[in-house]
Amino acid sequence: MKRGGDGEWDYVVKGDSVVLEYSNMLQNFNEMVSEIKNLKIENYEKELDFQKAYLQYLQMQMNPHFYLNALNIIYSMAQVENYQMIQEMAMSLVEYSRYMFRSPKSLVTVQQEMEHVENYMKIQKLRFPERIQFQSDISSEIEDALIPPFIIQSFVENSIKYAINFEQNNICSIKGRLIESHEKLYVLIEVRDNGKGYQEEILELLKGDGKAEDSQKHVGIRNVRQRLALVFGDEARLILKNEEGAVAMVLIPLRWQEEETDEGLSCTAGG
């Protein structure tokens, strides 16, 4: 019973006894342990199904207006017969869509996420020609580190949506580096723009659990928080602040290797 209490649910008591009550007790104990094991497996599988469904739900909340804007740009270029730009735009949209509809249970490398962001920015630069400067500085140390998809893209999208001002030169920059905190290694991603900064209600969102927020507000930021918590628990952090524009900082425990099995996703740390 002590071994069962310690979680050894594969343990089986072997042997028999001439004492009927003792023999029945052994049989009932083995059946009980087997039932507990099956219940734990069933609950674990339900939890994994919930996580996969929830990640997919979060993923599908991404803004559909982006696709409408992209198609409008392609239509406008077709009217002036700018076929080369149509090809570039269409290919960027294809790569963007392929990434968006990837398996929601998978983590991605920082490099993969940045390629997705670059495709996104190509489309936005066609939408706002000569209005956006995009800068990225990603350390080679973290290019192969694993992060949840759309973490960087969500804040870049937020900058494009809220920081664009036609009276100024708009800048969006991304920095990524490896840091050490409390003897653990973390990936630190920082997204900045030179817009008006985050509204106070968005900064207040991070101080609570976010559950009381209007479901139509701040979807991207809530998604980032929920996905980070789902994958890393309380090991990951999200910091929003204003410094001559909006600043988003995401701190994620370093993960190098992703192992996927039929039961779900597991990650092993490296370093």
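Owing to the predicted nature of the structure, the values given are computational and were not obtained by experimental measurement. Only this structure's heavy atoms are used, side chains among them; waters, hydrogens and symmetry mates stay out.
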### Task
Kindly indicate, with the supporting measurements, whether the criterion side chain to side chain contact (heavy atoms under 4.5 Å, CB included) is fulfilled by R131 and K125.
CA-CA 7 Å; R131 291 290 184 181; K125 285 182 178 181; over 6 Å; no
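- Aromatic pair Y198/Y162: centroids not less than 6.0 angstrom apart.
- Grouping Ile, Leu, Val, Met, Phe, Trp and Tyr residues whose side-chain heavy atoms lie under 4.5 Å apart, directly or via other members, leaves I171 alone, with no other cluster members.
- Counting heavy atoms from C-beta on, the side chains of N194 and E244 never come closer than 4.5 Å.
- The CD1 atom of I73 lies 9.5 Å from the CG atom of L93; values are rounded to the nearest 0.5 Å.
- Between Q124 and I132, the closest heavy-atom pair is O-CD1, 4.1 Å.
- Shown here for G195 and A163, the closest heavy-atom pair between the two residues is CA-CB, 3.8 Å.
- Side-chain contact check for V110 versus E143: every heavy-atom pair is 4.5 Å or farther apart.
- Between A70 and I123, the shortest heavy-atom distance links the atoms CB-CG2, 4.2 Å.
- More than 12 non-hydrogen atoms from other residues, nucleotides or ligands lie less than 6.0 angstrom from CE of M25.
- Interatomic distance, CZ of R255 versus CD1 of I147, reported as 13.0 Å (0.5 Å rounding).
- Side chain of N158 to backbone of S154: no donor-acceptor contact under 3.5 angstrom is found.
- Shown here are the salt bridge (charged side-chain N to carboxylate O under 4.0 Å, His left out) partners of E118, two or more places apart in sequence or in another chain: there are none.
- Taking each heavy atom of L107 and P149 in turn, the nearest pair found is CA-CD, 4.4 Å.
- Between L230 and P148 there is no side-chain heavy-atom pair separated by less than 4.5 Å.
- Remark: R192 engages E190, E243 in a salt bridge (charged side-chain N to carboxylate O under 4.0 Å, His left out) (not counting sequence neighbours).
- To the nearest 0.5 Å, atom CG of residue L203 and atom CD1 of residue I221 are 8.5 Å apart.
- The hydrophobic clustering, which links ILVMFWY residues whose side-chain heavy atoms are closer than 4.5 Å, places F134 and F128 together.
- Other members of the hydrophobic cluster containing Y186, listed by chain and number, are I179, L188, I239, V247, M249, L251; membership follows side-chain contacts under 4.5 Å among ILVMFWY residues, whether direct or relayed.
- The neighbour count for N28 CG, taken as heavy atoms of other residues, nucleotides or ligands under 6.0 Å away, is above 12.
- Side-chain contact between Y96 and Q153 is present, with heavy atoms from C-beta onward closer than 4.5 Å.
- Looking at heavy atoms from C-beta onward, V108 lies out of side-chain contact with L146 at the 4.5 angstrom threshold.
- Here the shortest heavy-atom pairing between G176 and I138 reads N-CD1, 3.6 Å.
- The main-chain N or O of S159 is never found under 3.5 Å from a side-chain atom of D193 such that the two would form a donor-acceptor pair.
- Within a 6.0 Å radius of CD in E31, more than 12 heavy atoms belonging to other residues, nucleotides or ligands are found.
- M91 and I74 fall into different hydrophobic clusters, defined by Ile, Leu, Val, Met, Phe, Trp and Tyr side-chain heavy atoms under 4.5 Å apart, directly or through other members.
- At a threshold of 4.5 Å between non-hydrogen side-chain atoms, the residues F150 and E157 do not count as touching.
- With sequence neighbours excluded, the residues forming a salt bridge (charged side-chain N to carboxylate O under 4.0 Å, His left out) with R98 are E95, listed by chain and number.
- Here the side chains of F155 and I189 are not in contact, with every heavy-atom distance at 4.5 Å or above.
- The CE atom of M121 lies 8.0 Å from the CD1 atom of I174; values are rounded to the nearest 0.5 Å.
- Between M32 and I36 there is a side-chain heavy-atom pair separated by less than 4.5 Å.
- Under a 4.5 Å side-chain heavy-atom criterion applied to ILVMFWY residues, the cluster that includes Y75 comprises that residue alone.
- Side-chain contact, Y83 with Q87: no donor N or O sits under 3.5 Å from an acceptor N or O.
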#### Entry: Stepwise side chain to side chain contact (heavy atoms under 4.5 Å, CB included) check, M85 with E88
CA-CA 5 Å; M85 294 299 292; E88 292 180 11; 3.8 Å; yes
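- N82 places no side-chain N or O within donor-acceptor distance of the main-chain N or O of M77, the cut-off being under 3.5 Å.
- Counting heavy atoms of neighbouring residues, nucleotides and ligands inside a 6.0 Å radius, atom CD of Q135 exceeds 12 of them.
- Expressed to the nearest 0.5 Å, how far CG of D137 lies from OG of S173 amounts to 9.5 Å.
- Residues I86 and V94 do not share a hydrophobic cluster, clusters being chains of Ile/Leu/Val/Met/Phe/Trp/Tyr side chains in contact below 4.5 Å.
- Inspection of the Y99 and E113 side chains reveals an N or O donor paired with an N or O acceptor under 3.5 Å.
- Q112 places a side-chain N or O within donor-acceptor distance of the main-chain N or O of T109, the cut-off being under 3.5 Å.
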